[in-house]
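Here the structure comes first, spelled out in C-alpha cells, and everything after it is commentary.
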There are 2 protein chains.
Amino acid sequence: MTARNPDAARDIPEATVARLPVYLRALTTLADAGTATCSSEELAAAAGVNSAKLRKDLSYLGSYGTRGVGYDVEYLTYQIAREIGVTQDWPVVIVGIGNLGHALANYSGFRSRGFRVVALLDADPRRHDELVAGIEVRPFDELEHIVVESGVAIGVIATPAVAAQAVADRMVAAGITSILNFAPGVISVPDGVDVRKVDLSIELQILAYHEQRKAAGADAREVVR
Amino acid sequence: MTARNPDAARDIPEATVARLPVYLRALTTLADAGTATCSSEELAAAAGVNSAKLRKDLSYLGSYGTRGVGYDVEYLTYQIAREIGVTQDWPVVIVGIGNLGHALANYSGFRSRGFRVVALLDADPRRHDELVAGIEVRPFDELEHIVVESGVAIGVIATPAVAAQAVADRMVAAGITSILNFAPGVISVPDGVDVRKVDLSIELQILAYHEQRKAAGADAREVVR
DNA sequence: TAGATTGTTAATCGATTAACAATC
DNA sequence: TAGATTGTTAATCGATTAACAATC
C-alpha cells in the first residue's frame with residue numbers, strides 16, 4: 001500500500017460531513033437536468049440549505065469554485081465523492097432478511113451511490129438459498145468468511161431488536177468497523193467502530209412532538225376566538 | 001375543545017426533543033427488565049448518552065426525579081410520553097407500498113409507540129385490494145377522504161423519488177402537517193409543515209467517509225512500519 | 001471595467017459538559 | 001446525620017449566519 005491522501009487528516013466538522021452526501025445528491029439532480037455550472041445559491045436550493053452554509057461547508061474541502069462564475073457540476077461532484085470516499089464501491093453485508101432486509105437489498109440507489117451488497121445473511125435456515133434481489137441468502141455463520149474474503153468494512157443490521165447486539169458483536173469480531181443499525185435499541189461497540197442508527201418510531205415521535213404543539217396552539221386560538 | 005397544556009409553549013431545544021424518544025425506549029427496556037427506579041447514570045447508559053446531558057434534557061420537562069434516589073421508571077415514562085404526545089395514538093397513512101412500504105406497514109413497533117396505520121395507499125391499481133399487514137391497499141386518490149375522516153396529521157412517503165414531491169403536495173393540500181420522507185431527494189413544503197427525512201445511502205456515505213479516514217490512517221501506519 | 005459570486009471572517013446562536021449546591 | 005443523586009449553573013465547544021473583501 002502507498003501513502004496517499006495526506007490531507008485526509010484535515011478534519012471536517014461532523015455537521016458538514018453529514019451534509020456532503022446531500023450536496024452530492026443535489027449535484028446529481030442538477031447534472032441529470034443538464035446543468036453544467038451552478039452558483040452556491042442554486043446548489044443550496046437544490047440541497048435544501050442556505051447558501052452561506054453550503055459555501056462554508058465546501059470551504060473545508062478546498063476551493064473548487066470560480067468567483068463570479070460558480071461551480072462546475074461535474075468537477076465538484078467528483079471532489080465531494082472523493083472526499084466522502086465513494087469514488088469506488090464499498091462492499092456491504094446485510095444481516096436479517098425480513099421485510100426490511102428485503103427492502104434494503106432491493107434498494108437500487110445502493111449501487112449507484114458507492115456501495116455493493118456482497119452478501120445477505122440470516123440466522124433462519126428457512127430463508128437460506130432464497131434469492132433476494134438476485135443474491136442468495138446465506139447462513140449468518142458465513143459472516144467471518146465473507147468479511148475476510150470480500151474485505152467488508154460496513155455492515156447493515158436489519159434483524160429484530162433482540163438479535164442486534166449479538167450480530168454487532170460478531171460483526172466487530174469479524175473485522176467490520178462501521179455499522180448501520182435499523183434494529184430498535186442501543187447497541188454498544190468498542191472504540192474505533194462507528195455506528196449510525198435509523199429508527200422509524202423515533203422519527204415519528206419527533207414529528208408527533210411538534211404536531212402536538214401545533215394542535216395545542218390551534219386549541220388555544222380556538223378558545224380565544 | 002378545551003384549553004390544555006398551557007406550558008406546551010415552553011420550548012425544548014431541538015437536540016433534546018430528538019433524544020426524548022431515545023429515553024422513552026431506554027425506559028421501556030428498563031421496565032421490561034423489572035427495574036422500578038433508576039439513576040440518571042443508569043438511564044443514560046441504557047440510552048447511550050452521558051448522564052449530564054440526560055439530566056439537562058430532563059430538566060427542560062420539569063423535576064421528575066428524587067434527589068438521592070433517582071427516577072421512578074413508570075412515572076418518568078409517562079411524563080416523557082406526555083411531553084412527546086404519544087399517550088394516545090396518532091393516525092398515520094403510508095403512501096407507496098413497494099418493498100419499503102411493506103416493511104413499514106409490517107413494523108410492529110408502530111402500534112406500541114403511539115402510532116396507528118389507518119391506510120396504505122398506492123397509485124398502482126395492480127396493488128389495490130391487496131392485504132398488507134392486514135390492511136387493504138387503496139388508491140392514492142382516497143388520500144383526501146381518509147385524511148379528513150380519520151383526522152390524519154402525519155404522512156409517510158415510501159414512493160420512488162420521482163413521485164415524492166407530488167405526493168407531498170397532495171398530503172399538504174389534504175391537511176397533513178408532518179411528513180416522514182423515505183424517498184431520496186429534497187421535498188419542499190410550506191411553512192408550518194414539518195418534514196423529516198430518512199435516507200439509506202446518505203447514512204452509508206457518512207459511514208464511508210469515516211471508514212475511508214480509518215483506512216487512510218492504517219495505510220500511513222503501514223508505510224511507516 | 002462592471003457585475004457576479006466565491007471563500008473567509010467574525011459575530012451569534014445553540015449544544016455539551018463538568019462541577020456542585022440543593023436536597024432527599 | 002451521612003451518603004447519594006438530582007437539578008442547575010457557568011464555562012466551553014461547535015454550528016450557523018450575515019456580511020464583505022477577494023477575484024473571476
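Lettering follows sequence order; numbering is per chain, from 1.
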Could you state the CG-P distance from B/Asn50 to D/dC13, rounded to the nearest angstrom?
15 Å
Distance below 4.0 Å between A/Ser40 side-chain N/O and C/dT6 OP1 or OP2
yes
The nucleotide from D/dA15, C/dT9, C/dT8 with an atom nearest the side chain of A/Ser59 is C/dT8
Ignoring the backbone of A/Lys53, work out which of D/dT17, D/dA10, C/dC24 is nearest its side chain.
D/dT17
Rounded distance in Å - CG (A/Leu54) to P (D/dT17):
13 Å
Below 4.0 Å: OP1/OP2 of C/dT8 and any side-chain N or O of A/Arg67:
no
Think B/Tyr71 has a side-chain N or O under 4.0 angstrom from the OP1 or OP2 of D/dG7?
yes
Rounded to whole angstrom units, what separation is found between the CG atom of A/Asp11 and the C1' atom of D/dA15?
14 Å
Let's see if you can work this out: which of C/dT17, D/dT16, C/dG7 has an atom nearest to the side-chain heavy atoms of A/Arg19?
D/dT16
Could you check how far CG of A/Leu58 sits from P of C/dT6, rounded to whole Å?
9 Å
Here the distance between atom P of C/dT9 and atom OH of A/Tyr60, to the nearest Å, is 11 Å
Please compare B/Ala52 and B/Gly68 by the position of their nearest nucleotide in DNA chain C and report the one closer to 5'.
B/Ala52
Test applied, salt bridge (charged side-chain N to carboxylate O under 4.0 Å, His left out); reference residue, B/Asp199; option that passes from A/Arg19, A/Arg25, A/Arg113:
A/Arg25
Protein-nucleotide distance (A/Leu61, atom CG; C/dT6, atom C1'), rounded to Å:
14 Å
Answer yes if the side chains of B/Tyr78 and B/Arg82 hold a donor-acceptor pair under 3.5 Å, and no otherwise.
no
Under a 3.5 Å limit on both distances, the Watson-Crick or wobble mate of D/dT23 is C/dA4
How close or far is atom P of D/dT6 from atom CG of B/Leu76, stated in whole angstroms?
11 Å
Interatomic distance where OH belongs to A/Tyr64 and C1' belongs to C/dT5 [whole Å]
19 Å
Tell me the partner of C/dA10, counting only Watson-Crick (N1-N3 plus N6-O4 or O6-N4) or G-U wobble (N1-O2 and O6-N3) with both under 3.5 Å; none if nothing fits.
D/dT17
Side chain of B/Lys56 (C-beta onward), nearest among D/dT17, D/dA10, D/dA15
D/dA10
DNA chain D: A/Arg55 or A/Glu14, which has the more 5' nearest nucleotide?
A/Glu14
Under 3.5 Å, is there a donor-acceptor pair between the A/Ser178 and A/Asp194 side chains?
no
Mapping A/Thr66 and A/Ala15 to their closest nucleotides on DNA chain D, which lands nearer the 5' end?
A/Ala15
Whether A/Ser150 side chain and A/Val147 backbone form a donor-acceptor pair below 3.5 Å
no
Ignoring hydrogens and geometry, is there a side-chain-to-backbone donor-acceptor pair from A/Thr16 to A/Ile12 under 3.5 Å?
no
